[in-house]
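So the structure is just underneath, and the comments pick up after that.
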Amino acid sequence: MEKVRTLCVFGTRPEAIKMVPIVRALERSEMFSNTICVTAQHRELLDGVLRSFSILPDYDLNIMEPDQEISSLTARLLQTLDPILRETSPDLLLVQGDTTTAFASALAAFYRRIPVAHVEAGLRTGSLSRPYPEEANRRLLGQIACLHFAPTQGNANNLRRENVPGSVYITGNTGMDVLRDSLAEDAPYQNSVLRSLEPQNRKILLLTCHRRENRGKPMEAVFAAAASLAVRYPEITVVLPLHRSPAVQKAVQICPANLPNFLLLDPLSVSDMHRLLRRCYFVMTDSGGLQEEAAALGKPTLVLRTETERPECLLAGTACLCGTDSEKILRTARQLLEDPVCYRRMAVATNIFGDGHSGERILRILTEYFQKTREGFEC
């Protein structure tokens, strides 16, 4: 029997990480012939993940340009993906998350009447401009995809309320698969600074901030608040793996130079980031994926946004919304550092985002579908 042709397209670090379990599952299956296309929307950060997981793309569009605008990025993606879709003629395109790569790939496939499966579907904040442009990308993807792999019941409910076409499945988040596998390995840090911190009995605050809507003054307020914590509590260490974005690099300059317990690091490998997350005391972040991972490990999280598409974290009590208000950030962080009861109330691990077997679950769904019909999906 002829194999089912799948095409996985991704372009950023988070997409690559969360697509790994699906790529691996498709590779193990005799039913599927999978092709990998990377857009390199984020070149350096993506390459680190490809090396870590020994993934060799069949196509590399190398689309990244300095200070690229969303409109020009979308146009280039549509133009460069179309010949690949024509050449590979997949039975199904798989995309992940909410990036411009995910949306533009799905749109290009729609134009060629190729069915689309959306991994990590149904996440919503309810505000079209936050996160920007990701919330719009998610909603548009919901109207294009035929298969929607929702991490949680809440995500599935969102999709059903919107009456999206095709079928909705609750699968958990594939990011939990990667987290489980990563922490199962008893390996030392690759980063020498993190290795030096390991023997020290210090409370580590993990900080990340990179979102487009936080650029400028909001991001400066976040970094200033974190630096204030480092000054006020010399017994803690703030660790900031610094995003490559020029906007982030500029904003962090507001922090005092040579603050001994405020460490700026290059982007970390996936395994180092997971080990640091397990080791840290709490997290301050505007990242979506980090909210999920922190919840799974029972790490209290200060969400540096006014909305989150992961309200499950708020309902579970593992996270609170602080926005970029420096006073609120400082007040909440001080509570966690000084009030053990408050800390214990938030430091509760939960598997709301999956059991670490989402990639296998998605493969089973695809296998069962294509066993029933070889005609493809009807949108």
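Residues: numbered from 1 along the sequence shown. What you see is a predicted model; the values in this text were computed from it and never measured. Keep in mind that the numbers below use all heavy atoms, side chains included, and drop hydrogens, waters and symmetry copies.
The side-chain heavy atoms of Val95 and His118, taken from C-beta on, include a pair separated by under 4.5 Å. Leu206 places none of its side-chain heavy atoms less than 4.5 Å from the side chain of Phe282. Residues Ile70 and Tyr132 form a side-chain contact, since some pair of their non-hydrogen atoms from C-beta on lies under 4.5 Å apart. Two residues are said to be in side-chain contact when any heavy atoms from C-beta on lie closer than 4.5 Å; Arg124 and Pro311 fail this criterion. The shortest distance between side-chain heavy atoms of Leu242 and Gln249 falls below 4.5 Å. Proximity of Ile36 to Leu7: side-chain heavy atoms (C-beta onward) are nowhere separated by under 4.5 Å. Considering only heavy atoms from C-beta on, His357 stays 4.5 Å or farther from Met176 through its side chain. Val231 has its side chain out of reach of Phe262: every pair of non-hydrogen atoms, C-beta onward, lies at least 4.5 Å apart.
A continuous path of hydrophobic side-chain contacts links Ile55 to Leu94 [ILVMFWY only; heavy atoms under 4.5 Å]. Both Leu141 and Leu78 belong to a common hydrophobic cluster when Ile, Leu, Val, Met, Phe, Trp and Tyr are linked at side-chain heavy-atom distances under 4.5 angstrom. Note on Leu45 and Leu194: separate hydrophobic clusters, where clusters join Ile, Leu, Val, Met, Phe, Trp and Tyr whose side-chain heavy atoms are under 4.5 Å apart, directly or indirectly. When the side chains of ILVMFWY residues are joined at heavy-atom separations under 4.5 Å, either directly or via intervening members, Ile84 and Ile144 end up in a single hydrophobic cluster. Under the 4.5 Å side-chain contact rule for hydrophobic residues, Met284 and Leu264 share a cluster.
Within 6.0 Å of CD on Gln200 lie more than 12 heavy atoms contributed by other residues, nucleotides or ligands. The neighbour count for Glu235 CD, taken as heavy atoms of other residues, nucleotides or ligands under 6.0 Å away, is above 12.
Salt bridge present: Arg138 and Asp98 bring a charged side-chain N and a carboxylate O closer than 4.0 Å. We find that Glu44 and Arg244 are joined by a salt bridge, their nearest charged nitrogen and carboxylate oxygen being less than 4.0 Å apart. Between Glu309 and Arg305, at least one side-chain nitrogen of the basic residue sits less than 4.0 Å from a carboxylate oxygen of the acidic one, meeting the salt-bridge criterion. Remark: Arg43 engages Asp60 in a salt bridge, criterion side-chain N to carboxylate O under 4.0 Å.
The CZ atom of Arg113 lies 14.5 Å from the CG atom of Leu85; values are rounded to the nearest 0.5 Å. Of the inter-residue distances, the one linking Leu205 atom CG with Leu302 atom CG reads 8.5 Å to the nearest 0.5 angstrom.
A donor-acceptor contact closer than 3.5 angstrom links the side chains of Thr208 and Thr285. Counting only N and O atoms by type, the side chains of Glu27 and Asn34 include no donor and acceptor under 3.5 Å apart. A donor atom on one side chain and an acceptor atom on the other are not found under 3.5 Å apart for Arg361 and Thr171. Under 3.5 Å, the side chains of Thr152 and Asn155 contain a donor-acceptor pair of N or O atoms. With 3.5 Å as the limit, one finds no donor-acceptor pair spanning the side chains of Arg211 and Asn214. At a cut-off of 3.5 Å, with distance as the only test, a side-chain donor of Thr101 or Thr39 sits close to an acceptor on the other residue. With no hydrogens or angles considered, no side-chain donor-acceptor pair links Arg195 and Gln190 at under 3.5 Å. Glu162 and Asn158 form no side-chain donor-acceptor contact under 3.5 Å, judged by distance and modelled atom types alone. In summary, the side chains of Thr308 and Gln291 do present a donor paired with an acceptor at a separation below 3.5 Å, with no hydrogens or angles considered.
Taking the six-membered ring for Trp and thresholds of 30 and 60 degrees, Phe149 and Tyr169 have ring planes inclined between 30 and 60 degrees apart.
Evaluation of the side chain to side chain donor-acceptor pair (under 3.5 Å) rule for Thr12 yields Glu15 as partners, not counting sequence neighbours.
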Test side chain to side chain contact (heavy atoms under 4.5 Å, CB included) applied to Ser269 and Arg51, step by step: CA-CA 10 Å; Ser269 69; Arg51 286 192 298 270; over 6 Å; no
Show your reasoning for whether side chain to side chain donor-acceptor pair (under 3.5 Å) applies to Thr125 and Arg130.
CA-CA 7 Å; Thr125 65; Arg130 290 181 179 272; over 6 Å; no
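With hydrogens and angles ignored, the 3.5 Å screen pairs no side-chain donor or acceptor of Ser29 with any backbone N or O of Leu26.
Here the shortest heavy-atom pairing between Gly359 and Pro21 reads CA-CB, 4.1 Å. Contact record, Ala349 with Ala296: CB-O, 3.4 Å, taken as the closest heavy-atom pair. Across all non-hydrogen atoms, the minimal contact from Leu268 to Pro241 is CD1-CG, 3.9 Å. The shortest heavy-atom contact between Pro256 and Ala227 is CD-CB, 3.7 Å. When all heavy atoms of Ile63 and Arg76 are compared, the closest pair comes out as O-NH2, 2.9 Å. Between Val248 and His210 the shortest heavy-atom distance is CG2-CA, 3.9 Å.
The distance between the ring centers of Tyr343 and Tyr281 falls below 6.0 angstrom.
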